Amino acid sequence: MDPREKVRAPVAFWALAALAIVLLVASLYAIFVIAPVERQMGIVQKIFYFHVPSAYAMYVGFTLAMIGSIGYLWTRHDKWDALAVAGAEVGLLFTAIVLITGPLWARKAWGVYWTWDPRLTTTLLAGLIFTAFVVLRSFGGAGEAEKRFAAGLSIVGFFLLPVIHYSVQRWRGQHPTVITARGGGLHPDMYPALWLAFVLFTVLVALLVWARARAERARQRIAEIETEAAAQGLLEEA
């Protein structure tokens with residue numbers, strides 16, 4: 001392929017992006033127009049429709065990072081490393097949303113922005129582990145040792161996810177459990193907006209991971225070309 005040729009994203013990528021825009025508009029309408037206003041918390045309760053799907057998206061991102069890390073440690077193929085990087089960065093993005101929207105909701109519900117609740121604490125810890133992953137990969141170079149160590153961090157961070165999920169039941173913290181197998185404290189009219197938000201965030205995770213993995217694969221190819229050029233003496237100064 002001519003290196004001057006533009007690399008275009010697949011049609012499926014743009015179709016997914018268009019679907020995300022449609023779902024975003026539909027979700028905002030469902031959240032702010034169709035879903036009723038909660039009696040006690042008022043309009044602040046609308047944060048719920050962004051907070052909970054963001055936590056779900058965080059799980060998906062970190063799970064993909066773990067899968068990519070195991071794949072890389074097993075095969076040493078860069079495509080798995082690209083998936084690990086993409087999953088970690090996207091998962092960390094949604095972790096930031098969780099840790100921003102959560103305190104805003106907590107201020108109204110508990111009267112404080114932060115408390116060392118088991119779920120909040122373990123979520124913060126997972127965020128710090130994957131922050132270390134991203135920092136290592138961003139500033140520690142892309143050598144074999146850095147890749148393997150980052151993969152190990154990703155796997156360790158993944159095992160915090162079930163701890164986060166079951167921390168409320170296990171340690172009985174302040175964090176509410178709204179959605180359970182036996183139902184919860186959510187009004188039936190609120191479910192359509194919530195499930196639509198889940199679909200939206202699923203598409204967003206897929207879109208962002210896809211885009212970031214493509215960018216990482218392009219960076220890897222450029223690094224390979226530079227290495228080959230250096231080995232042939234093409235980068236030496238005249």
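These numbers come from a predicted model, not from an experiment.
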Legend entry - Test side-chain contact (heavy atoms from CB on, under 4.5 Å) applied to Asp81 and Gln220, step by step: CA-CA 10 Å; Asp81 179 62; Gln220 291 170 352; 3.3 Å; yes

Inset, instruction - Would you kindly confirm whether Met41 and Met190 end up in one hydrophobic cluster when ILVMFWY residues are joined by side chain heavy atoms under 4.5 Å apart? - result: yes

Inset, instruction - Nearest 0.5 Å please: distance from the OG1 atom of Thr95 over to the CD atom of Glu89. - result: 12.5 Å

Legend entry - With sequence neighbours excluded, residues passing side chain to side chain contact (heavy atoms under 4.5 Å, CB included) with Ala35: Lys46, Tyr49, Ala193

Legend entry - Connected hydrophobic set around Val33, excluding itself, where side chains approach under 4.5 Å: Tyr29, Ile34

Inset, instruction - Would you name the heavy atoms of Pro103 and Val98 that are closest together and state the gap between them? - result: CD-O, 4.1 Å

Legend entry - Heavy-atom check, side chain of Glu144 versus side chain of Arg76, under 4.5 Å: yes

Inset, instruction - List the atom of Arg212, the atom of Val85, and the distance in Å for their closest heavy-atom pair. - result: NH2-CG1, 3.7 Å

Inset, instruction - For the residue pair Trp116 and Leu124, establish whether any side-chain heavy-atom pair is separated by less than 4.5 Å. - result: yes

Inset, instruction - Would you mind reporting whether Val52 and Phe198 have side-chain heavy atoms less than 4.5 Å apart? - result: yes

Legend entry - Spacing of Phe50 atom CZ and Ile97 atom CD1 [to the nearest 0.5 Å]: 10.0 Å

Inset, instruction - Could you note down all residue pairs passing ring-ring contact (aromatic ring centres under 6.0 Å, His included) where residues 57-92 supplies at least one of them, sequence neighbours left out? - result: Phe62-Phe130

Inset, instruction - State, yes or no, whether a side-chain contact exists between Glu216 and Arg137 at a heavy-atom distance under 4.5 Å. - result: yes

Legend entry - Test item: Val37 and Gln45 side chains (from C-beta on) under 4.5 Å apart, heavy atoms: no

Inset, instruction - For Ser154 and Ala65, indicate whether the former's side chain and the latter's backbone hold a donor-acceptor pair under 3.5 Å. - result: yes

Legend entry - Summary of ring-ring contact (aromatic ring centres under 6.0 Å, His included) pairs that have at least one residue in residues 209-233, sequence neighbours excluded: Phe13-Trp210

Legend entry - Contact summary for Val44 and Leu104, nearest pair of heavy atoms: CG1-O, 4.4 Å

Inset, instruction - Could you tell me the separation between the CZ atom of Arg217 and the CD1 atom of Ile222, rounded to the nearest 0.5 Å? - result: 12.0 Å

Legend entry - Verify same cluster id: Leu24, Ile21 (apolar side-chain graph, 4.5 Å): no

Legend entry - Where Leu64 and Gly87 come nearest, the two heavy atoms and their spacing: CB-CA, 4.4 Å

Legend entry - Interatomic distance, Leu160 atom CG to Thr123 atom OG1 [nearest 0.5 angstrom]: 9.0 Å

Legend entry - Distance, nearest 0.5 Å, that separates CG of Leu136 from CZ of Phe133: 8.0 Å

Legend entry - Over 12 non-hydrogen atoms of neighbours within 6.0 angstrom of OH in Tyr113: no

Inset, instruction - Compare every heavy atom of Leu153 with every heavy atom of Ile129, then report the nearest pair and how far apart it is. - result: CG2-O, 3.4 Å

Inset, instruction - State yes or no: do Leu83 and Leu73 share one hydrophobic cluster built from I, L, V, M, F, W and Y residues joined by side-chain heavy-atom distances below 4.5 Å, directly or via other members? - result: yes

Inset, instruction - Would you kindly confirm whether Met66 and Phe159 end up in one hydrophobic cluster when ILVMFWY residues are joined by side chain heavy atoms under 4.5 Å apart? - result: yes

Inset, instruction - Nearest 0.5 Å please: distance from the CG atom of Leu92 over to the CE atom of Met58. - result: 10.5 Å

Inset, instruction - Not counting sequence neighbours, which residues clear side chain to side chain contact (heavy atoms under 4.5 Å, CB included) with Thr202? List them please. - result: Tyr56

Legend entry - Residue pairs involving residues 82-102 (criterion ring-ring contact (aromatic ring centres under 6.0 Å, His included); sequence neighbours excluded): Phe94-Phe201

Inset, instruction - Flag yes if Leu204 and Trp195 sit in one hydrophobic cluster, no otherwise; membership is Ile, Leu, Val, Met, Phe, Trp, Tyr, and two members link when side-chain heavy atoms are under 4.5 Å apart. - result: yes

Inset, instruction - Would you confirm whether Arg107, through its side chain, and Val112, through its main-chain N or O, come within 3.5 Å as a donor-acceptor pair? - result: no

Inset, instruction - Flag the pair Phe48 / Ile31 as yes when at least one side-chain heavy-atom distance between them is below 4.5 Å, and no otherwise. - result: no

Legend entry - Over all atoms of both residues, closest heavy-atom pair of Ser69 and Ile155: CB-CG1, 4.2 Å

Inset, instruction - For residues Ile164 and Leu161, determine if any side-chain heavy atom of one lies less than 4.5 Å from a side-chain heavy atom of the other. - result: yes

